[in-house]
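Below is one structure, written out as structure tokens; the observations come after it.
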2 protein chains.
Amino acid sequence: MLSIGTLAKRTGAKVQTIRYYEQIGLMPEPGRTEGGQRRYGNAGLDRLAFIRHSRELGFSLEAIRELLDLSDSPERSCAQIDAVAQRQLQEVEARITRLKALRIELQRMLSECSADRVADCRILEVLRDHEECLSNHDGTGI
Amino acid sequence: MLSIGTLAKRTGAKVQTIRYYEQIGLMPEPGRTEGGQRRYGNAGLDRLAFIRHSRELGFSLEAIRELLDLSDSPERSCAQIDAVAQRQLQEVEARITRLKALRIELQRMLSECSADRVADCRILEVLRDHEECLSNHDGTGI
DNA sequence: CTGATTGCTACAGCCATTGTAGATTTCGTC
DNA sequence: GACGAAATCTACAATGGCTGTAGCAATCAG
Ligand SMILES: [Zn+2]
Ligand SMILES: [Zn+2]
Ligand SMILES: [Zn+2]
Ligand SMILES: [Zn+2]
């Protein structure tokens with residue numbers, strides 16, 4: 001049986017994070033010692049590792065909850081699981097697109113600035129007026 | 001003189017957001033009508049437009065505060081302003097790098113899944129075990 | 001003047017944690 | 001068994017950047 005600190009060390013999560021996951025119902029309530037401290041078995045360790053790894057891959061806690069629920073029905077088709085991953089991929093791609101547009105604007109601002117007086121700083125000019133921009137940054141990509 | 005609602009419409013910010021910016025000291029306290037409603041001049045409009053555009057380019061409110069402070073000294077060198085933008089560019093680039101790694105893992109998971117039973121779902125396998133991953137997702141890029 | 005719209009303050013909620021304070025429990029060592 | 005250090009407990013507040021709500025008060029068009 002593992003203490004919450006041991007679980008934290010093994011998974012890279014913080015102790016408070018594990019308690020938070022329990023609070024929101026993502027981790028089940030574990031057994032307790034006589035003194036009231038949490039004790040976990042391998043199931044708890046596996047579940048927490050799954051959660052942490054999914055977080056590292058950018059899944060939201062809600063998506064992870066969905067994945068964990070779905071994985072409780074091993075005989076069903078995994079189409080729904082794939083859909084969750086597909087959604088996540090699309091979100092990642094949208095964010096990449098948006099960030100690339102931002103990168104271009106930032107690079108342009110920096111390259112056009114002659115590093116002179118604040119009064120003539122090209123960066124401030126662009127920030128003051130979106131007309132100076134090439135992209136939209138309206139959330140829909142370029 | 002502009003009401004807070006007009007300011008919101010002109011800049012695309014929400015009314016509450018403008019009040020929030022005032023609360024954290026990013027927007028100055030404007031004049032008020034006899035009845036206590038906020039009234040803004042062009043300075044307020046310009047400042048809010050600057051803040052919103054900077055937010056659209058991904059700058060944090062702290063970075064924006066810095067930029068606004070720096071822009072109050074028009075005769076100084078703009079090196080510090082450029083440094084803020086440079087920092088922002090580096091952050092954007094780091095995020096792109098990280099997201100690209102995530103995209104690769106997600107694409108791989110999805111392409112390897114044969115869309116069969118949950119029990120055999122490749123996506124769940126990968127999420128359960130980071131050993132199945134090619135990248136680190138440790139925040140330091142690939 | 002009246003009614004609709006807008007604005008006001010104060011507070012709570014979102015996500016996903018992290019940090020804190022003060023009390024209690026557990027564990028290793030003697 | 002006793003002692004002290006380390007870990008854990010609960011409860012609550014804070015982070016960033018807003019957004020939403022409730023219950024009033026002010027403003028504006030007709
Ligand atoms: Zn400059
Ligand atoms: Zn722009
Ligand atoms: Zn699958
Ligand atoms: Zn991995």
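These values consider heavy atoms only, across backbone and side chains, with no hydrogens, waters or symmetry-generated copies. Every chain is numbered from 1 and lettered A, B, ... according to where its sequence line falls, protein lines coming before strand lines. Computed from a predicted structure; not experimentally measured.
Screening residues 103-123 of chain A for ring-ring contact (aromatic ring centres under 6.0 Å, His included), with sequence neighbours left out, gives no hits. For the ring-ring contact (aromatic ring centres under 6.0 Å, His included) condition, no pair includes a residue of residues 70-126 of chain B, sequence neighbours left out. Contacts classified as salt bridge (charged side-chain N to carboxylate O under 4.0 Å, His left out) and involving residues 60-73 of chain A (residues at least two apart or in different chains) are given here: A/E62-A/R65, A/E66-A/R87. Sorted by first and then second residue, the ring-ring contact (aromatic ring centres under 6.0 Å, His included) pairs involving residues 32-58 of chain B (not counting sequence neighbours) are A/H130-B/H53, A/H137-B/H53. The list of salt bridge (charged side-chain N to carboxylate O under 4.0 Å, His left out) pairs with a residue in residues 3-17 of chain A, not counting sequence neighbours, is empty.
Contacts of A/R52 with the nucleic acid, taken as non-hydrogen atoms under 4.0 Å apart, involve only primed sugar atoms and P, OP1 or OP2. Using a 4.0 Å heavy-atom cutoff across all strands shown, B/R55 reaches sugar-phosphate atoms only and no base atom. The residue A/F59 sits apart from the nucleic acid: no heavy atom pair falls under 4.0 Å.
When DNA chain D is scanned in the 5' to 3' direction for atoms under 4.0 Å from non-hydrogen atoms of chain B, the outermost contacting nucleotides are D/dG17 to D/dT27. With a cutoff of under 4.0 Å to any heavy atom of chain B, the contacted region of DNA chain C is bounded 5' to 3' by C/dG7 to C/dT9.
Applying the side-chain contact (heavy atoms from CB on, under 4.5 Å) rule to A/T33 yields the partners A/Q37, A/R39; only residues at least two apart in sequence or on another chain are considered. Under the rule for a side-chain contact (heavy atoms from CB on, under 4.5 Å), B/Q23 has no partner lying at least two apart in sequence or in another chain. Residues passing the side-chain contact (heavy atoms from CB on, under 4.5 Å) test with B/A115, sequence neighbours excluded: A/D82. Every side-chain contact (heavy atoms from CB on, under 4.5 Å) that A/R108 has, sequence neighbours left out, goes to A/E105, A/E112, A/L134.
Projected onto DNA chain D by closest heavy-atom contact, B/S60 and B/R19 fall at different nucleotides, the more 5' of which corresponds to B/S60. Along DNA chain C, the nucleotide closest to B/Q23 and the one closest to B/S3 are compared, and the more 5′ of them pairs with B/S3.
Residues from residues 32-44 of chain B lying near DNA chain C, meaning a heavy-atom separation below 4.0 Å, are B/R32, B/G36, B/Q37, B/R38 in numerical order.
Counting heavy atoms from C-beta outward, B/R47 and B/M27 have side chains that approach closer than 4.5 Å.
Using a 4.5 Å cut-off between side-chain heavy atoms of Ile, Leu, Val, Met, Phe, Trp and Tyr, with links allowed through other members, A/I81 and A/L61 fall into the same hydrophobic cluster.
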